[in-house]
Amino acid sequence: MTPAARVAAASEILDRILAGDPAEPALIRWARASRYAGSGDRAAVRDLVYDSLRKLRSRAALGGGLDGRALMLGMCRETGQDPAQVFTGQGHAPAVLTDDEKQSGNPPSPSEAMDLPDWLIPLWRDSLGERADPTARQMRERAPVWLRVNTARTTPDKALRLLAQDGIVALPAPQLPSALRVVEGARRVAASASYREGDVELQDLSAQLACAALPVQGSVLDFCAGGGGKALALAARGAGPIVAHDSDMSRMADLPARAARAGARVDIARPGKVSGTFGLVVADVPCSGSGTWRRTPDAKWRLTADGLRELSKIQAQIIDKASELTCTGGHLAYMTCSVLQAENADQIAAFLHRNPAFELVEEQSFGPWNASDGFYLSLLRRN
Ligand SMILES: C[S@@+](CC[C@H](N)C(=O)[O-])C[C@H]1O[C@@H](n2cnc3c(N)ncnc32)[C@H](O)[C@@H]1O
């Protein structure tokens, strides 16, 4: 495909996403229907789509409209490409620009330039204070790829050497040497020997730092286990026995295979069927995902004020339930991948008010300013 044909494809896919299709399935459907597109084309189209979703408002302003074509015009203007070289109408390139399109577009206003929904900007500012603008800017850029070295199986040095044999270059994080940032060959990770043999897992640095801060003596319950990222990170630190639970059994479908690959033992509890109490209960609750919007930028535009209120209620119910499963003297770790205070500190303050038997041991907020994705951890002890 020519660069202009890729722009035309991205424009069509963006139209489908703007009509309500989730981004990932829309890309997969396009790829299946476009057998002529090679892996380089698919990667380039995907980047065009994801970049535009991260920068939806500012590119809509620059391109003079909120549809795929205007977004691609906004992209050209933002990146300094001459739109006339892209919108040529030749072959599979987008049609030539109309006179209206040529006159359209404005520099983004300060709030458009944040690339956040308008209703959210006050909450974002209240939650992040002076970090609000830089963090919004960083959420407009592509996220780095981080690997967690499975220290139960190998060392960071050995993992780095094995990754290099597959053409993957990574650097250890200064604050956590078992966290490796991939600087070259990110697309080769899933097929690499290190990944297939369970020496490394994909996990963002912020989540890794949160898991590294947890006390791992005694039994562990990962109450909202999903794919099991937190359970596996704790297993690599020698925690156990570990039970994984999720209200949606299908979310844990890959966990047995991932655990086997990592050489970890994780028992699965059926939804609502956890018995006994645990020394550590991890509640990695469903949230807005506002800390990970560089990875799932369409979620940024789908979130509503009502949706956020609904999530807050669910989070309060989950932390209450998780607290009942924490033994006396044990710990409860509340986590979100959000930077919003309503889902983080406010939720913990309300919980501590309802549950005087718990005390706050430590609270940590991660983000591009000290780690990577936006992530929140509150560690509580049951007295
Ligand atoms: C943020 S995700 C967990 C990600 C996972 N811990 C990981 O590291 O891959 C939140 C999970 O909470 C689950 N969930 C939602 N409501 C729940 C509830 N009431 N009880 C337990 N799990 C719940 C969802 O199905 C989802 O898998």
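Order of appearance sets the numbers: ligands from 1, and atoms from 1 within every ligand. All residue numbers refer to positions in the sequence shown, counting from 1.
- Residue contacts with ligand 1 for Val285 involve N, CA, C or O but no side-chain atom from C-beta outward (heavy atoms, distance under 4.0 Å).
- Near Phe223, the atoms of ligand 1 lying under 4.0 angstrom from a non-hydrogen atom of the residue are 20 (N), 21 (C), 22 (N).
- With ligand atoms numbered from 1 in the order given, ligand 1 contributes 9 (O) to contacts under 4.0 Å with heavy atoms of Gly228.
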- Starting from the C-alpha separation in whole Å, work towards a yes-or-no answer on salt bridge (charged side-chain N to carboxylate O under 4.0 Å, His left out) for Lys158 and Asp199. CA-CA 9 Å; Lys158 283 190 198 154; Asp199 286 359; over 6 Å; no
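- When each atom of ligand 1 is checked for a heavy atom of Lys230 under 4.0 Å away, the hits are 6 (N), 7 (C), 8 (O).
- For ligand 1, the atoms sitting less than 4.0 Å from at least one non-hydrogen atom of Gly229 are 7 (C), 8 (O), 9 (O), numbered in the order shown with element in parentheses.
- Contact between Gln364 and Ala213 at its shortest, heavy atoms only, is NE2-CB, 3.6 Å.
- Ring geometry for His92 versus Tyr36: interplanar angle under 30°, hence parallel rather than tilted (30 to 60°).
- By the 30° and 60° cut-offs, the orientation of the rings of Trp293 relative to Trp124 is parallel.
- Heavy atoms of Ile318 found under 4.0 angstrom from ligand 1 belong exclusively to the side chain.
- The single protein non-hydrogen atom nearest to atom 17 (C) of ligand 1 is Ser247 OG, 3.1 Å, given as residue, atom name and distance.
- Counting atoms of ligand 1 from 1 in the listed order, those under 4.0 Å from a heavy atom of Gly227 are 9 (O).
- Less than 4.0 angstrom separates some heavy atom of Asp284 from each of these atoms of ligand 1: 1 (C), 2 (S), 3 (C), 4 (C), 5 (C), 6 (N), 7 (C), 8 (O), 10 (C).
- Minimum heavy-atom separation, Pro215 to Leu280: O-CD2, 3.4 Å.
- Just one of Ser312, Ser338, Ser127 meets the side chain to side chain donor-acceptor pair (under 3.5 Å) condition when paired with Glu343; it is Ser338.
- From the protein, the heavy atom lying nearest to atom 12 (O) of ligand 1 is Cys224 CB, 3.3 Å.
- Residues Ala262 and Asn150 share a closest heavy-atom pair of O-ND2, 3.0 Å.
- For Arg251, every heavy-atom contact with ligand 1 shorter than 4.0 Å involves the side chain, none the backbone.
- A donor-acceptor contact shorter than 3.5 Å is absent between the side chain of Asn344 and the backbone of Tyr376.
- Each of the atoms 27 (O) of ligand 1 lies under 4.0 Å from some heavy atom of Gly226.
- Here's the thing with Asp246: one of its N/O atoms is less than 3.5 angstrom from an N/O atom of ligand 1.
- The contact set between ligand 1 and Ala225, taken as ligand atoms under 4.0 Å from a residue heavy atom, comprises 5 (C), 6 (N), 7 (C), 9 (O).
- Across every non-hydrogen atom of Ser11 and Arg69, the tightest pair is OG-N, 3.3 Å.
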